[in-house]
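All remarks here apply to the structure that follows.
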Amino acid sequence: MIRNPEYPEGFSLDSQSAIHERELRDYSKKKKKRRAPFDLPFFILTLIILSIGVVMVLSASFASAYYSSGDPTGYFIRQLGFAVLGIVAMLCISLIPVQLYRRLSVYIMAGTLLLLLLVPFIGTERGGATRWIDLGFTTFQPSEIAKLAVIICFSAMICTYGKKMKTFRYGVLPFALILAAVVGLLILEPHLSASVIIIAVGAIMMFAGGTRIYWFLGVGVLAGGAGYIAVSKLDYAARRIATWRDPLSDLQGDGWQIIQSLYAVGSGGFLGLGLGQGRQKYLYLPEEHNDFIFAVVCEELGFVGAALILILFALLIIRGYWLAMHARDKFSALLVTGITSLLAIQVFLNVAVVTNLLPCTGISLPFFSYGGTALLLQMAEMGIVLSVSRDIPLKPEKTETAAETEKTEAHE
């Protein structure tokens, strides 16, 4: 008689009865068929958001693409190609065992620091900042890689230190040193927005790993002091703060971008002007297909469309945290927590900048803003989350054989 039908390894088979062996084989086959290759809700939400983002790149960029190259679909075709590559990369990365990242965490962080160190020497300058490395066929920002590298490295360190995370020596000092090295190199570019994001993600990882709350108070004071010094000493940062407080004070200069963004957001109204019918993208709004693409979303799709997109992001983020809570091991849980938090922070900051809730700075909207290598990296991060979802144990389900056995035992 089958004693524990929910767990095949606990079966007790009657050696004189072949029927029990057949039931066991059927049970194993059904169990394998029930297990999905990865989390479908997270996968579907990612594809929906990505699809909307690619369409919005077409709508937002065709005017500037036509002006710059004569091809109104130039940016769109390029983004579509990277989106397809991103989907392939996401599916391939979802097959890689998560623990591989833990073994390579030190090398990933070392390589990232080396790239950041090279940026001031071999980087390409745009808009007064040197943040990009030109590969010939495309450019990329090592700061994007640094975000993921910090998540992987911190996850591995937290799992290594364990209960020692409650001490300053293990729970604060090594993490602070890594953050200081990464942020210090980013300031040389300069890239304050990436520095803020990395510090925020690092703090979330440390908190999730067990660092005591009162350590954050001291670090917060130091970070606030460093931020004040940066704003007071860096001229461009001080100008952005002044423009944020009163955009109309420099309407033809630093205030132009945020004013045009607010025009776009306000013009959309409740239902929007219609897809492709926006006006601010006709060379009025700078970075309309990049950092300020959400302003075009608000103008063309209105409050309803923008709200639905934010709801999709919220569902993706919630699903990410759900996967983190149900991950098989601590490293996987921390990895998904960091990636999901990074997504949430970037969405919030981008929307806040577009609506002038925060000072204007270069923060892209994930899956929407134009940028091939950034999109590839974002899809790779989603692939890591899907890889973690593959290892989430399924709840054992009762088979017909189990139900019949329980009935027989109850009857006896």
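- Residues Asp71 and Thr73 bring a donor and an acceptor atom of their side chains to less than 3.5 Å of each other.
- A cation-pi geometry, defined here as NZ or CZ lying under 6.0 Å from the six-membered ring centre and within 45° of its normal, holds between Arg319 and Trp322.
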Practice item. Apply the test ring-ring contact (aromatic ring centres under 6.0 Å, His included) to residues Phe43 and Phe38: give CA-CA distance (whole Å), side-chain angles for both, the deciding distance (0.1 Å), then the verdict. Key: CA-CA 8 Å; Phe43 175 72; Phe38 47 64; 4.9 Å; yes
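- Tyr370 and Arg78 are linked by a side-chain donor-acceptor pair at a separation below 3.5 angstrom, with hydrogens and angles left out of the test.
- Atom-to-atom distance recorded for Thr211:OG1 and Tyr161:OH is 11.0 Å, nearest 0.5 angstrom.
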Review point. Do Phe175 and Phe154 pass the ring-ring contact (aromatic ring centres under 6.0 Å, His included) test, and can you show the C-alpha distance, the side-chain angles, and the key distance before you say yes or no?
Key: CA-CA 7 Å; Phe175 299 93; Phe154 278 26; 4.8 Å; yes
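- Ring pair Phe168/Trp215 is tilted by interplanar angle, where 30° to 60° counts as tilted.
- For Glu288 and Ser64, the side-chain atoms include at least one donor-acceptor pair closer than 3.5 Å.
- The shortest distance between side-chain heavy atoms of Val172 and Thr167 does not fall below 4.5 Å.
- Between Phe367 and Phe313, the angle of the ring planes stays under 30°, which puts this pair in the parallel group of the 30/60° scheme.
- Note that CG of Leu323 is 8.0 Å distant from CG of Leu386, once rounded to the nearest 0.5 Å.
- The distance from the CD1 atom of Ile152 to the CD1 atom of Ile108 is 4.0 Å, given to the nearest 0.5 Å.
- Summarising the geometry, atom CD belonging to Gln277 is positioned 13.5 Å from atom OG belonging to Ser267; distances are rounded to the nearest 0.5 Å.
- Under a 4.0 Å N-O distance rule, the pair Lys147/Glu381 does not qualify as a salt bridge.
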Point to revise | Working for side chain to side chain contact (heavy atoms under 4.5 Å, CB included), residues Leu375 and Leu50 | key: CA-CA 9 Å; Leu375 181 60; Leu50 176 65; 3.7 Å; yes
